[in-house]
Amino acid sequence: MTTLTVETGDGAVLKVRRQGSGAPVVLVSGLGGTAGFWDPVIARLQDRFEFITFDQRGIAGSTRGSAPVDIAQLARDVLTICDALELPRAAFLGHSTGGCIVQTIAATAPWRVERLALSAAWLRPGNYLTALFEFRLGLLHRDPKAYAESAALLSYAPGWLESHWDKYERATANPPADPETQAIVAERIRALLAFDGSDQIGAVTAETTIIGAQDDMIVPAFLQEELARHLPGAALRMLPDGGHFYPASRTDAFTAIMTDWLDAPLTSERTER
């Protein structure tokens, strides 16, 4: 594994990891924003692909910078990393908020996207997602411990979490109690709530796989189905269970879908600048 830092124009310093060998795949995590979210996936596939992961601005090993945080800015951060690594084109996979980020990259810089995977993503938040994250935003400030506990309980399938209770204990050990951390989490929640890809989805030309889980309580299956309806020709791959964090709880099934996605021959013409 190679670890490096990339500085953005507004002064954020992003901690980046390169692991594995093969065709490059950029993995973008969700609200938590950490590179470590992808560790179980990379462990299974690093012999076949090179993975680029990173801590998003203000998260873990990356500094905040001064730019306002929205999905467009987070997408620019990803492309800044790709430029620094001299990756003019790659496969992009984003989970949850990361799905909004790579969806934006595919719409605004299609020549950069070799192929696209949207995992637990959405086109627009709708009533359910909006109510859920507004509730979580309020809980973040009222009771940070309860915020962390509810996030862990919502993110995993109950049976799996019961058998892997250490995940709950680690997820709730350090709730976002200080004002600076709360501000970073809050701006990220506001960014995902503000995202609506309806006006840009028609510009997505990359061959796309949409992935979800039927029992996801954070980004429900109907949002994956709506996204698929707006991307004619996209492959829709739904796991029967796994909760929101199915890349961790159903890693074998998830990596099997990833391998199918990455190995499939490209049938459409490459989009050039």
Side-chain angles (χ1 to χ4, degrees), residues 4-18 22-30 33 35 38 49-57 59 62 65-124 188 191-192 194-211 227-228 230-235 258 261-262 264-273:
L4 62 151
T5 57
V6 173
E7 186 169 357
T8 67
D10 68 299
V13 178
L14 307 177
K15 183 178 179 181
V16 181
R17 306 189 312 188
R18 301 184 81 162
V25 184
V26 180
L27 301 177
V28 185
S29 56
W38 299 107
F49 306 100
E50 180 189 34
F51 292 103
I52 293 90
T53 58
F54 63 102
D55 295 331
Q56 295 176 33
R57 59 170 60 228
I59 302 295
S62 294
S66 60
V69 170
D70 57 17
I71 296 300
Q73 178 60 56
L74 297 175
R76 287 192 291 272
D77 289 347
V78 178
L79 293 179
T80 298
I81 290 169
C82 291
D83 289 343
L85 300 183
E86 298 183 341
L87 285 177
R89 191 172 175 91
F92 289 83
L93 189 159
H95 182 77
S96 197
T97 303
C100 302
I101 295 169
V102 300
Q103 190 182 144
T104 297
I105 293 170
T108 58
W111 59 91
R112 306 296 299 263
V113 182
E114 183 76 32
R115 60 183 79 223
L116 178 68
L118 305 173
S119 174
W122 60 93
L123 177 66
R124 51 192 164 220
R188 292 175 63 79
L192 72 86
F195 175 77
D196 185 337
S198 302
D199 291 340
Q200 66 179 21
I201 196 69
V204 175
T205 58
E207 293 188 23
T208 304
T209 292
I210 298 169
I211 311 168
L227 190 55
H230 284 80
L231 281 170
M258 277 188 66
W261 164 63
L262 290 166
L266 293 171
T267 57
S268 63
E269 294 184 3
R270 294 163 66 97
T271 304
E272 303 294 344
R273 182 188 292 268

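Below, all heavy atoms of this structure are taken into account, side chains as well, without hydrogens, waters or symmetry copies.
- Annotation: side chain of Arg188 is not in contact with side chain of Asp70 (no heavy-atom distance under 4.5 Å).
- Distance alone, capped at 3.5 Å, places no donor-acceptor pair between the Thr80 side chain and the Val78 backbone.
- Annotation: the span from Leu87 atom CG to Leu79 atom CG amounts to 11.0 Å, rounded to 0.5 Å.
- Looking at heavy atoms from C-beta onward, Leu27 lies out of side-chain contact with Ile52 at the 4.5 angstrom threshold.
- With sequence neighbours left out, Ser66 forms a side chain to side chain donor-acceptor pair (under 3.5 Å) with no residue at all.
- The shortest side-chain heavy-atom distance between Ser29 and Gln56 falls under the 4.5 Å cut-off.
- Pro88 and Glu86 get closest at one heavy-atom pair: CD-O, 3.3 Å.
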Atom pairs and distances, donor-acceptor, side-chain atoms in residues 90-97, under 3.5 Å, two or more places apart:
residue, atom, partner, partner atom, Å
His95, ND1, Ser119, OG, 2.8
His95, NE2, His244, O, 3.0
Ser96, OG, His244, NE2, 3.2

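- Legend: residues meeting salt bridge (Lys or Arg N to Asp or Glu O under 4.0 Å) with Arg18, ordered by chain and number and at least two apart, are Glu50.
- Taken from CH2 in Trp122 to CG in Asp196, the straight-line distance is 11.5 Å, to the nearest 0.5 Å.
- Contact annotation: the side chain of Ile201 approaches that of Leu227 to within less than 4.5 Å [non-hydrogen atoms, C-beta and beyond].
- To the nearest 0.5 Å, the span separating CD on Gln103 from CZ on Phe195 amounts to 4.0 Å.
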* For the pair Thr208 and Leu118, evaluate side-chain contact (heavy atoms from CB on, under 4.5 Å) and give the outcome as yes or no after the intermediate values. => CA-CA 7 Å; Thr208 304; Leu118 305 173; 4.1 Å; yes

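- A donor-acceptor pair under 3.5 Å links the side-chain atoms of Trp261 to the main chain of Leu116, judged by distance alone.
- A 4.5 Å side-chain heavy-atom check between Val204 and Pro110 finds every atom pair outside the cut-off.
- Residues meeting the salt bridge (Lys or Arg N to Asp or Glu O under 4.0 Å) test with Arg57, sequence neighbours left out: Asp10, Asp77.
- A distance of 12.0 Å separates CZ in Arg89 from SG in Cys82, rounded to the nearest 0.5 Å.
- Considering CD1 of Ile105 and SG of Cys100, their distance stands at 11.5 Å, rounded to 0.5 Å.
- Counting heavy atoms from C-beta on, the side chains of Glu207 and Glu114 never come closer than 4.5 Å.
- Nearest heavy-atom pair across Ala35 and Thr53 is CB-OG1, 3.6 Å.
- For Ser62, the side-chain contact (heavy atoms from CB on, under 4.5 Å) partners at least two apart in sequence or on another chain are Leu14, Lys15, Asp55.
- In terms of the salt bridge (Lys or Arg N to Asp or Glu O under 4.0 Å) criterion, residue partners of Arg17 (sequence neighbours excluded) are, by chain and number, Asp39.
- Smallest separation of non-hydrogen atoms from Gly99 and Ala121: CA-CB, 3.8 Å.
- Taking the side chain to side chain donor-acceptor pair (under 3.5 Å) definition, one finds that Gln200 meets it with Thr104, sequence neighbours left out.
- Of all non-hydrogen atoms in Ile210 and Ala234, the two that sit nearest each other are CD1-CB, 4.0 Å.
- Going from atom CZ of Phe54 over to atom CD1 of Ile81 covers 4.5 Å, rounded to the nearest 0.5 Å.
- Judged as a side-chain contact (heavy atoms from CB on, under 4.5 Å), and not counting sequence neighbours, the contacts of Asp83 are Arg112.
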